[in-house]
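The structure appears below as structure tokens.
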Amino acid sequence: MDLSFYNSLTRRVEPLRPLVPGTVRMYTCGPTVYNYAHIGNFRAYMFEDLLRRTLEYAGLAVTHVMNLTDVDDKTIRGSRAAGVPLRDYTATYKKAFFEDLDTLGIERATVYPAATDHVPEMIALIGKLFEKGYAYQAPDKSVYFSVAKDPDYGKLAHLDRSGMRASVRISNDEYAKDDVGDFALWKAWDEADGDVKWDSPWGPGRPGWHIECSAMSAKYLGETFDIHTGGIDNLFPHHENEIAQAECATGKPFVKLWMHCAHLRVDGEKMSKSAGNFYTLRDLLAKGYTGREIRYVLLGGHYRQPLNFAFDALAASRTALSRIDEFTVRMEALAATAGGPVGSPDGQAPSWPDKHLESFASALADDLNSPLAFAAVFALVNEGNRLAQAGSLDAAGAAAALAALAKMDAVLGVLARPAAAIPAEVQALLDERAAVRRAKNWAESDRLRDAIAALGWTVKDTKDGPRLSKS
Ligand code: AMP
Ligand code: ZN
């Protein structure tokens with residue numbers, strides 16, 4: 001499976017050529033843990049989940065690092081307003097973030113380094129930039145990166161440097177920085193920071209946001225790695241600044257492939273905390289939608305196209321998912337039957353789903369085309385239903401459909417039918433039945449099976465124990 005992705009740096013779709021064959025090292029800008037993430041943020045994490053699962057589907061071993069920004073203006077402001085220490089304040093939202101990832105079926109990254117655990121690494125990196133002449137301390141005691149010293153600055157955002165320098169040069173002392181394009185590497189402590197500060201060679205303060213990603217990616221992935229991702233709003237200035245810091249400090253290329261997802265919008269506008277047009281995952285769960293339905297909506301659009309959030313789309317996802325679930329139930333029933341028309345003139349070879357798996361893989365290999373990948377899923381469902389209707393699908397053919405769905409689901413994580421929750425009443429009867437069976441009281445066991453059946457559930461005794469399903 002040859003993968004190609006759009007590279008924001010070159011603005012072209014390029015074949016993926018990992019630096020170490022068979023492996024991919026990937027870094028993602030994670031959440032600022034000052035509040036619950038909204039589903040616009042989760043669009044970005046969902047795209048990264050799809051990317052990561054696609055890489056794994058193609059047989060690559062992925063090391064995925066996602067940082068947690070647990071110190072910045074917003075986290076400090078929030079913790080002071082709440083009157084709790086920064087660490088306790090951010091711990092609440094870190095926990096919520098991981099719960100939300102689970103609700104959405106987003107797989108865990110390999111490591112989630114937190115900024116506050118890596119301040120020495122950031123200080124060391126700033127020190128290197130000083131040594132090489134890229135950093136300076138301003139009269140306000142903060143340390144800045146001098147954009148004018150880096151001839152490559154602007155290569156990701158394709159900035160016109162000549163125009164930029166002429167227009168932004170600041171000649172008076174209104175700004176502490178030499179140039180408005182310069183960005184903080186180290187922010188000198190001030191009163192608004194309260195007790196949040198670290199010692200450094202430049203005085204007490206805290207790291208700037210950009211330096212954390214350059215320092216932590218180098219620590220966990222090395223100075224040069226394969227893929228860096230984020231939402232499109234991270235591209236400038238954040239990612240541009242990450243490149244400047246890393247490449248000026250090491251003299252080596254930072255990242256080969258830059259991938260960015262487009263925004264989730266509401267009525268044509270970016271969903272954001274500041275615009276107030278956002279829903280958290282919890283808001284939507286409270287309205288009765290499931291993580292699976294929200295996942296389906298977020299995966300449904302191509303990651304480089306803006307996606308409009310609407311409740312109609314959530315309703316449509318419910319219909320689409322029940323179509324898939326009905327298909328699964330039908331195939332499970334067929335797969336459990338013995339024999340069938342295999343080898344007969346209208347029988348299907350068990351390889352019949354292969355063409356759908358091929359279209360599925362080639363859609364994803366072509367810059368993560370998830371809408372086309374879902375089209376392959378529905379082509380499988382439609383053909384399977386047609387064959388079943390015509391009576392030309394035997395147990396092996398149905399089992400092949402289930403196997404193909406499971407393969408697709410390793411990437412999509414949304415196709416598997418959720419297990420129905422077992423009501424407490426049924427569970428109690430089931431437990432009681434297990435006890436009477438241990439005592440070999442078969443008559444009571446049968447009575448309890450009938451009582452369970454009267455509640456709409458079927459118990460089958462298998463060699464692995466009782467199996468419960470909805471009648
Ligand atoms: P933040 O916590 O604001 O740094 O954002 C975390 C991630 O969510 C970043 O990758 C952002 O680019 C991304 N993001 C923020 N808003 C949206 C949106 N409306 N649609 C897609 N991604 C977003
Ligand atoms: Zn970052």
Side-chain angles (χ1 to χ4, degrees), residues 8 26-51 64-75 77-78 90 93-94 96-97 100-101 104 106 109 112-115 118 121-122 125 156-157 183 185 207-221 225 227-246 254-255 258-281 294 297-310:
S8 306
M26 153 169 159
Y27 186 89
T28 293
C29 294
T32 305
V33 279
Y34 75 108
N35 211 326
Y36 297 104
H38 60 67
I39 55 161
N41 301 130
F42 284 113
R43 179 177 200 204
Y45 308 131
M46 193 64 81
F47 137 67
E48 286 136 2
D49 188 54
L50 177 69
L51 171 61
H64 182 198
V65 177
M66 182 187 280
N67 68 306
L68 300 171
T69 299
D70 60 353
V71 56
D72 78 329
D73 292 343
K74 289 180 282 196
T75 45
R77 218 181 297 133
T90 56
Y93 298 108
K94 280 182 196 174
F97 176 66
D100 288 356
L101 291 185
L104 288 171
I106 295 178
Y112 290 93
H118 296 80
E121 288 87 342
M122 298 180 217
L125 182 56
L156 179 65
F183 56 90
L185 297 166
W209 171 38
H210 314 297
I211 199 75
E212 75 177 73
C213 290
S214 300
M216 298 199 284
S217 60
K219 173 162 178 175
Y220 293 97
L221 298 174
F225 56 93
I227 307 181
H228 195 312
T229 64
I232 191 71
D233 56 325
N234 281 163
L235 189 147
F236 188 83
H238 182 52
H239 291 164
E240 191 72 58
N241 294 353
E242 282 188 39
I243 296 176
Q245 295 163 149
F254 179 41
V255 170
W258 285 89
M259 293 177 72
H260 295 95
C261 74
H263 285 141
L264 185 68
R265 293 180 175 172
V266 182
D267 297 330
E269 217 190 308
K270 176 192 171 191
M271 179 179 286
S272 70
K273 291 252 163 66
S274 53
N277 60 353
F278 66 92
Y279 292 97
T280 64
L281 180 60
I294 299 161
V297 169
L298 293 178
L299 284 176
H302 188 268
Y303 78 97
R304 283 202 292 122
Q305 298 296 325
L307 182 66
N308 207 55
F309 173 76

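Whatever order the structure lists ligands and atoms in, that order sets their numbers, starting from 1. Here the structure is a predicted model, which is why all the values come from computation and not from measurement. The residues of the chain are indexed from 1 along the displayed sequence.
- Nearest heavy atoms, Ser214 versus Ala246: OG-N, 4.1 Å.
- Checking His64 against Glu48 by side-chain atom types alone, no donor-acceptor pair falls below 3.5 Å.
- In terms of heavy-atom proximity, Glu240 sits nearest to Ala157 at OE1-N, 2.7 Å.
- Geometry about the Zn ion (ligand 2) gives an angle of 110° between SG of Cys213 and NE2 of His238, rounded in steps of 10 degrees.
- Ring-centre distance between Tyr45 and Phe97: below the 6.0 Å cut-off.
- Inter-residue side-chain proximity for His260 and Phe47 is flagged as unmet; no heavy-atom pair is nearer than 4.5 Å.
- Nearest heavy atom pair, residue Ile243 against residue Leu156, reads CD1-CB, 3.8 Å.
- Summary: OE2 is the N/O/S atom of Glu242 found nearest to the Zn ion (ligand 2).
- Using cut-offs of 30° and 60° on the angle between ring planes, the pair Tyr36 and Tyr93 is perpendicular.
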What are the atom names and distances for all N or O pairs under 3.5 Å between ligand 1 and the protein?
| unit_1 | atom_1 | unit_2 | atom_2 | d |
| --- | --- | --- | --- | --- |
| ligand 1 | 5 (O) | Asn41 | ND2 | 3.3 |
| ligand 1 | 8 (O) | Asn41 | ND2 | 3.1 |
| ligand 1 | 10 (O) | Gly231 | N | 3.1 |
| ligand 1 | 10 (O) | Asn234 | OD1 | 3.0 |
| ligand 1 | 12 (O) | Gly231 | N | 3.3 |
| ligand 1 | 12 (O) | Asp233 | OD1 | 2.4 |
| ligand 1 | 19 (N) | Leu264 | O | 3.1 |
| ligand 1 | 19 (N) | Met271 | O | 2.8 |
| ligand 1 | 20 (N) | Gly40 | O | 3.4 |
| ligand 1 | 20 (N) | Leu264 | N | 2.8 |
| ligand 1 | 22 (N) | Gly40 | O | 3.0 |

